[in-house]
Amino acid sequence: MPCYRCGARQTDPVRGASPWRRGVRRETQVLVCPDCQRLHDLDLDTCAGCGSAALIRRLGEVECRACGAVRIAQADGPVASCSPPGLSAEVAAALDRVLGRT
Ligand SMILES: [Zn+2]
Ligand SMILES: [Zn+2]
């Protein structure tokens with residue numbers, strides 16, 4: 001995953017932890033390269049409890065690594081629905097055919 005801000009590609013750290021920072025921006029997990037971390041307008045989501053930007057996006061949730069707070073993610077892409085749009089109309093039409101109402 002490249003840096004969300006400048007598009008730089010992450011290089012494997014020679015040793016130890018990666019200098020890249022993970023965060024959440026507009027409900028999406030992002031990576032921030034070391035250069036962009038120096039900027040102050042990163043526009044990352046922050047924890048409502050402690051204000052930390054050390055958030056992790058998980059399936060349907062956002063967890064704060066600083067205080068451990070977990071909240072439900074607000075936008076999780078298209079909402080999965082049990083039936084695709086239009087199916088109920090098709091089912092109704094098929095029922096009408098079966099019942100001889102058309
Ligand atoms: Zn960057
Ligand atoms: Zn927090």
Side-chain angles (χ1 to χ4, degrees):
M1 186 157 63
C3 171
Y4 87 88
R5 201 167 182 287
C6 69
R9 290 268 162 195
Q10 184 174 19
T11 53
D12 289 330
V14 177
R15 193 175 287 266
S18 168
W20 285 56
R21 198 169 101 185
R22 277 158 37 117
V24 174
R25 183 172 179 267
R26 289 176 196 156
E27 307 295 302
T28 306
Q29 182 81 61
V30 295
L31 273 176
V32 185
C33 73
D35 286 343
C36 290
Q37 284 176 36
R38 297 194 209 108
L39 303 170
H40 293 288
D41 60 341
L42 286 176
D43 196 22
L44 294 174
D45 290 358
T46 54
C47 172
C50 71
S52 168
L55 305 180
I56 300 179
R57 179 75 157 85
R58 295 196 307 225
L59 193 64
E61 292 175 341
V62 176
E63 179 181 342
C64 174
R65 290 207 295 177
C67 72
V70 176
R71 66 173 172 83
I72 303 297
Q74 283 161 16
D76 209 3
V79 176
S81 115
C82 295
S83 55
L87 185 65
S88 55
E90 283 177 33
V91 169
L95 273 176
D96 281 346
R97 279 197 299 276
V98 169
L99 298 174
R101 288 192 296 208
T102 47

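Just so you know, ligand 1 is whichever comes first in the structure, and atom 1 is the first atom listed for that ligand.
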For this session: Round to 10° and report the angle made at the Zn ion (ligand 2) by SG of C64 and SG of C50.
Result: 100°
Problem set entry | Shortest non-hydrogen contact from S18 toward Q10 | OG-NE2, 3.1 Å
Exercise. Does the side chain of R5 come within less than 4.5 Å of V32's, by heavy atoms?
Worked result: no
Exercise. Going through the checks in order, is the side chain to side chain contact (heavy atoms under 4.5 Å, CB included) test met by T28 and R57?
Worked result: CA-CA 7 Å; T28 306; R57 179 75 157 85; 5.9 Å; no
Exercise. SG (C67) to the Zn ion (ligand 2) to SG (C47): angle, nearest 10 degrees?
Worked result: 110°
Exercise. Do D45 and V62 pass the side chain to side chain contact (heavy atoms under 4.5 Å, CB included) test, and can you show the C-alpha distance, the side-chain angles, and the key distance before you say yes or no?
Worked result: CA-CA 10 Å; D45 290 358; V62 176; over 6 Å; no
Problem set entry | Full working for side chain to side chain contact (heavy atoms under 4.5 Å, CB included) between L44 and V30 | CA-CA 9 Å; L44 294 174; V30 295; 3.6 Å; yes
Seminar exercise, completed: Listed as residue and atom, the protein N/O/S atoms under 2.8 Å from the Zn ion (ligand 1) are C3 SG, C6 SG, C33 SG, C36 SG
Seminar exercise, completed: Taking every heavy atom of W20 against every heavy atom of A8, the minimum-distance pair comes out as CH2-O, 3.1 Å
For this session: Could you walk me through whether C64 and L55 pass the side chain to side chain contact (heavy atoms under 4.5 Å, CB included) test, one step at a time?
Result: CA-CA 4 Å; C64 174; L55 305 180; 3.7 Å; yes
